[in-house]
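In each ligand, atom 1 is the first atom listed, and ligand 1 is the first ligand listed. As the structure is a computational prediction, the values presented were derived from the model and not from experiment.
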Amino acid sequence: MNLSTPTEEIQRIGSVYAKRLKKLGIEKVRDLLFHFPSRYEDYSKITSIANVNPDDFVTIQGKIVHISERNSFKRNLKIIEAVIEDETDTIKAVWFNQSYVKNRLDTNSPVLLAGKVTHGKDGIYLSNPASEVVRLDSVPIHTGRIVPIYPETRGVTSRWLRYIIYKLLPLAENIEDPMPEEILKAHDLLPLKDALYTIHFPANMEIAQKAKRRFEFEQLFYVQLSALKTKLDLQKENSPKIKTEVELTKKFVKSLPFTLTDSQKKASWQILKDMERKVPMNRMLEGDVGSGKTIVAALAALNVAKAGFQTALMAPTEILAEQHFKSLSELFKNQDIQIALFTRSHQKTTIHEKKLTKETIKKEIATGAVDLIIGTHTLAQENVKFKNLGLVVIDEQHRFGVSYRAALAKKTGQSSSAKASARHGKSSPIPHLLSMTATPIPRSLALTIYGDLDISLLKEMPEGRKEIITKIVPPSKRNEAYKLIQKELDVGRQAFCIFPLIEVSEKLEAKAAKEEYEKLSSGPFKNYNVGLLHGKIKAKEKEEIMRDMKEGKIDLLVATSVVEVGIDIPNATIMMVDGAERFGLAQLHQFRGRVGRDKHQSYCFLLTESNTDSTAKRLQALTKAKNGFELAEYDLKFRGAGDLYGVRQSGMPDIAMASLSNMELIEETRDSANKILEKDGDLKKWTVLKEIVEEMQKTMHFE
Ligand code: ADP
Ligand code: MG
């Protein structure tokens with residue numbers, strides 16, 4: 001038997017138990033050893049029977065002087081009664097419907113019992129205590145000590161797990177500790193073997209805590225190493241050096257109808273500096289909806305074009321791509337920069353008036369006739385050849401599915417094969433990468449799953465934005481909210497109504513969406529044009545509905561949260577979110593950012609049926625916070641990392657995920673990972689570690 005032996009082949013397990021264990025994600029011996037307790041019961045203190053008091057939880061040690069089983073007059077109730085004696089006194093123990101206890105315990109057995117002291121009509125007794133026979137040749141594992149309580153499943157009890165795991169623990173001897181010894185020493189961490197024994201069967205609570213910390217440290221350390229190594233690997237690649245045209249850029253910025261915010265200036269500067277190096281940029285530009293990310297990307301594209309290279313700008317939807325094409329064509333009209341739009345249904349360039357075929361436009365991209373190519377997924381799918389791609393910008397990067405991001409990375413050259421060729425010394429240049437997102441990234445994530453990239457943050461909104469009036473709407477005020485919306489629609493404004501995604505299935509989601517739509521369109525909004533958008537609607541139709549909304553043909557758009565309304569609709573002044581308590585604050589903030597784009601006063605209504613204090617408090621935070629960033633931190637604190645966008649999808653190990661609120665540990669592990677990589681960037685000395693990291697680089701999605 002070894003660590004990879006399937007559970008089925010372990011003595012006393014067999015196929016029935018193996019199946020049950022699978023529900024806990026346990027398939028091999030190794031998994032059992034790493035099935036950690038969720039908590040402990042402290043049965044370590046032994047009380048003399050004479051000192052036992054009613055209602056106490058106690059552990060006693062003694063000898064069984066009598067044990068018998070009887071049927072209660074009540075239906076089907078089997079009762080086992082025993083009398084236990086120690087040097088000080090005797091006490092009764094009673095078990096209900098636990099016949100197996102009789103097989104375990106005999107008269108004269110030396111036993112440990114742990115349980116609650118109950119007061120009955122014949123005096124006190126121990127009710128359903130945990131029991132264990134004391135043997136000379138073994139230590140107790142179920143009583144008389146700190147006892148592990150495990151995540152259980154039907155038919156798999158903690159007692160059973162304890163028994164099995166205890167037997168398997170000697171196999172831990174065969175596991176090599178992947179953690180470098182110097183790190184264990186420097187951070188006072190238990191070696192793997194000790195930590196494994198200890199986390200299951202600790203001698204005291206302090207040492208249990210220490211064992212737990214070792215595993216938390218370890219998992220976060222791997223995440224850090226993987227992120228930082230991904231970053232380091234990228235440094236071996238080549239990208240074109242883009243010289244910043246300082247004068248031209250200044251002049252261009254001066255010509256804008258607005259002045260840049262400080263954050264915009266800073267971010268642009270960081271990006272331009274990055275691109276001047278021949279090391280590929282991998283930067284994320286993060287800023288609330290409406291904070292002005294596009295102009296920052298435009299400044300980068302301008303310099304790339306002037307340096308003689310191309311930029312590809314990828315948007316998640318056709319409408320967004322069109323919107324970019326329109327606004328950037330306008331922005332660059334005096335710059336001698338040619339722009340192309342390449343989506344599934346639209347292909348055009350600023351060179352010609354007419355619509356082009358895909359083939360012609362591909363040719364213009366390949367010959368370098370166009371400098372800036374704006375497109376959607378299609379750009380990655382179709383075999384578009386660039387003349388000399390210098391920069392890839394991914395707008396709303398969180399909207400590109402994880403697998404898509406990988407495909408894009410490949411397209412832009414950042415694939416493992418490109419890395420391999422780099423190792424062989426014949427790397428071809430890859431473009432710089434700028435991703436943009438409105439999803440706020442708390443510091444803990446910036447230093448873990450986003451740890452491989454540099455981040456620029458747009459902290460403030462452009463001046464002159466009106467505050468959006470945000471109101472929490474309880475059921476009793478619902479009609480009032482509807483009335484206000486009607487009033488807005490009557491003067492020509494538009495509104496969104498978002499409600500939560502029903503996770504069960506797309507079909508159910510579509511059904512729920514339709515019901516909501518029907519309720520609103522035949523009820524309070526029957527005199528208005530109401531549109532419906534949900535996940536089951538085909539991409540092409542979605543685009544059409546969004547277009548109708550943009551053109552004002554729809555007054556009220558009902559949408560599930562899967563459908564992010566990522567486009568500019570300045571005429572929309574109301575964002576209503578139904579079931580608001582079910583969203584993260586950062587996400588609500590993003591919804592809210594969809595309105596308030598124009599001179600009109602805008603509103604955000606948070607409809608909620610929940611009237612708990614915590615909901616109220618949480619939603620209140622939304623009425624106060626200045627940016628999505630603050631709210632993401634709030635979400636992290638009150639709902640945990642799992643609820644933050646992208647964390648679950650990232651593939652981060654559970655233990656590491658649970659430690660994301662521990663900023664100190666995050667920093668400590670990051671420092672350690674840096675130290676190891678400084679010494680040995682390829683992890684040549686650490687073979688096991690290297691395997692773990694490479695596996696993690698494959699399975700985890702660093703952004
Ligand atoms: P997002 O960050 O959501 O992509 P956009 O780039 O679409 O935001 O910008 C939103 C709007 O704000 C655009 O109309 C843009 O022209 C405008 N804008 C950008 N920067 C500024 C600024 N510094 N001052 C005023 N308006 C700005
Ligand atoms: Mg944008």
* Structure fact -> The salt bridge (Lys or Arg N to Asp or Glu O under 4.0 Å) partners of E318 (sequence neighbours excluded) come to R344
* Which is it for F496 and F591 under the ring pair (Phe, Tyr, Trp, His ring centres under 6.0 Å) test, yes or no, and what are the steps along the way? -> CA-CA 9 Å; F496 296 105; F591 289 144; 9.5 Å; no
* Asked: Name the one of V577, D578, L619 that satisfies side-chain contact (heavy atoms from CB on, under 4.5 Å) with T608?
  -> L619
* Asked: Less than 4.0 Å between a side-chain N and a carboxylate O, is that true for K306 and D371?
  -> no
* Results of salt bridge (Lys or Arg N to Asp or Glu O under 4.0 Å) for E467 - residues two or more places apart only -> none
* Can you list, by chain and residue number, every protein residue with a non-hydrogen atom closer than 4.0 Å to ligand 1? -> F258, T259, L260, T261, Q264, D288, V289, G290, S291, G292, K293, T294, P462, R465
* **With sequence neighbours excluded, residues passing salt bridge (Lys or Arg N to Asp or Glu O under 4.0 Å) with R283** => D274
